[in-house]
Amino acid sequence: MYEAVHAHPDGDATVARFARTAARLGYEGIVVRTRDAEFDAATIREEYGVDVVDGAEIRKSDPGSAGGAVGNFRTDVTVLLVAGGDDAMNRFAVEDDSVDVLTRPMADRGDFNHVLAKAADTHRTYVEFDFGPVLRTTGGERVQALSDLRKLREIVDHFEAPYVVSANASSHLELRAPRELRAVGEAIGFTAEQVEAGLEAWGELVAGNRRRRSEEFIAPGVERGRYEEER
């Protein structure tokens with residue numbers, strides 16, 4: 001199982017600190033959402049036994065600017081994520097073959113419907129279940145977060161769209177063990193196995209992208225387009 005985290009300078013903890021905590025909690029790897037984070041993946045892996053994956057989460061206000069960022073970062077990182085939260089950004093993310101994960105689709109009172117779920121399935125864009133608001137808020141805000149996640153689960157489950165699960169941590173103190181995420185998942189209608197599948201999906205996505213990147217060069221001097229083959 002993997003987690004996806006916001007490391008320094010986007011978050012409050014270094015990649016190494018995240019890796020140490022993730023190892024203690026039982027994770028096999030972490031996806032670093034922060035494009036500007038500095039880390040030595042090999043050294044961290046050797047010290048903590050945790051796979052560290054380079055990623056970038058794009059946060060833009062409109063699809064036009066997001067599209068430019070996707071083009072800039074796609075070939076540079078293993079996992080490319082786009083933050084949603086409104087209809088336009090959610091649609092952009094699930095319809096672009098270069099995007100791996102739509103994050104926070106229900107943020108800022110965003111919505112997710114059957115059209116987007118079908119597109120996510122067609123384009124194999126993973127939809128993130130962000131458990132962070134449930135874990136870190138109280139009262140009415142927490143009730144609303146649970147309601148949003150229940151709706152998202154029903155749609156994603158019905159249309160069998162691919163998904164990932166995360167605590168969306170910006171500090172190593174915000175990481176949670178899989179058992180705690182299973183408890184949140186069960187509160188929105190997931191089974192424990194479905195939550196585990198969402199955590200394992202990060203690793204499956206990483207493995208698939210690494211394989212494709214290694215196959216970009218199909219012969220000496222001949223480069224294959226990154227998304228030439230069906231994802």
Side-chain angles (χ1 to χ4, degrees), residues 2-6 10-11 31-37 53-133 144-145 147-170 198 201-202 204-206 208-210 212-213 216 225-231:
Y2 282 53
E3 248 289 18
V5 302
H6 298 273
D10 187 29
V31 175
V32 181
R33 304 176 188 239
T34 307
R35 179 70 181 88
D36 296 329
V53 186
D54 59 313
E57 181 174 288
I58 295 168
R59 296 190 290 271
K60 298 291 184 180
S61 60
D62 63 89
S65 55
V70 167
N72 290 336
F73 294 142
R74 177 65 276 179
T75 58
D76 294 337
V77 297
T78 301
V79 179
L80 186 65
L81 313 93
V82 170
D86 63 46
D87 292 342
M89 287 303 300
N90 286 348
R91 180 179 291 275
F92 164 77
V94 298
E95 291 182 348
D96 191 320
D97 286 337
S98 295
V99 176
D100 294 315
V101 182
L102 164 63
T103 69
R104 294 175 282 176
M106 309 299 279
D108 302 320
R109 303 310 297 271
D111 198 12
F112 196 83
N113 57 35
H114 69 284
V115 175
L116 299 181
K118 289 179 179 178
D121 183 40
T122 298
H123 295 274
R124 303 309 296 166
T125 303
Y126 288 72
V127 179
E128 179 189 42
F129 282 84
D130 174 11
F131 288 179
Q144 183 62 54
S147 176
D148 288 343
L149 287 170
R150 289 189 186 106
K151 177 181 178 180
L152 184 63
R153 185 203 64 77
E154 290 173 0
I155 296 171
V156 167
D157 184 57
H158 182 76
F159 292 98
E160 298 183 342
Y163 68 92
V164 291
V165 167
S166 175
N168 201 11
S170 294
W202 290 108
E204 295 164 3
L205 175 59
V206 168
N209 282 358
R210 282 174 170 168
R212 276 187 290 272
R213 294 181 82 180
E216 285 179 359
R226 189 181 187 285
Y227 283 82
E228 182 177 299
E229 297 180 350
E230 182 180 355
R231 295 179 69 199

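Everything numeric here is computed off the predicted structure, so don't read it as measured data.
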Are a donor atom and an acceptor atom from the side chains of [X] and [Y] found within less than 3.5 Å of each other?
X   : Y    : value
E3  : S166 : yes
T78 : D54  : yes
D96 : H123 : no

>> salt bridge (charged side-chain N to carboxylate O under 4.0 Å, His left out) for R33 and E128? Distances and angles first, verdict last.
In response: CA-CA 13 Å; R33 304 176 188 239; E128 179 189 42; 2.5 Å; yes

For [Y], is there any backbone N or O sitting under 3.5 Å from a side-chain donor or acceptor partner on [X]?
X    : Y    : answer
D111 : M106 : no
R104 : A83  : no
R59  : A66  : no
D10  : H6   : no
N90  : G85  : yes

For [X] against [Y], the heavy-atom pair lying closest together:
X    : Y    : result
A161 : A117 : CB-O, 3.7 Å
K60  : S65  : CB-OG, 3.4 Å
N209 : V79  : ND2-CA, 4.4 Å
P105 : L102 : CB-CD2, 3.8 Å
V99  : T125 : O-OG1, 3.6 Å

> Are I58 and V70 close enough, and set up right, to give a side chain to side chain contact (heavy atoms under 4.5 Å, CB included), and what steps lead you there?
Replying inline: CA-CA 8 Å; I58 295 168; V70 167; 3.7 Å; yes

> T103 pairs by side-chain contact (heavy atoms from CB on, under 4.5 Å) with which of L81, V82, V127?
Replying inline: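 The option that passes is L81.
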
>> Taking CZ in R91 as the centre, count heavy atoms belonging to other residues, nucleotides or ligands within less than 6.0 Å. Is the count above 12?
In response: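 12 or below, so no.
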
Just how far is it from atom [atom1] of [X] to atom [atom2] of [Y], taken to the nearest 0.5 Å?
X    : Y    : atom1 : atom2 : result
Y2   : L205 : OH    : CG    : 10.5 Å
F92  : L116 : CZ    : CG    : 13.5 Å
I155 : Y163 : CD1   : OH    : 15.0 Å

>> Looking at R124 and D100, is any side-chain nitrogen of the basic one under 4.0 Å from a carboxylate oxygen of the acidic one?
In response: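 No salt bridge links D100 with R124.
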
>> Applying side chain to side chain contact (heavy atoms under 4.5 Å, CB included) to F131 and V165, what does each step give before you reach the verdict?
In response: CA-CA 7 Å; F131 288 179; V165 167; 3.6 Å; yes

> Which is it for D148 and F112 under the side chain to side chain contact (heavy atoms under 4.5 Å, CB included) test, yes or no, and what are the steps along the way?
Replying inline: CA-CA 9 Å; D148 288 343; F112 196 83; over 6 Å; no

> Between D97 and R74, is a salt bridge (charged side-chain N to carboxylate O under 4.0 Å, His left out) present by the stated rule, with each step listed?
Replying inline: CA-CA 11 Å; D97 286 337; R74 177 65 276 179; over 6 Å; no

> Considering only heavy atoms from C-beta outward, does the side chain of F159 approach that of D121 to under 4.5 Å?
Replying inline: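 No, side chains not in contact.
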
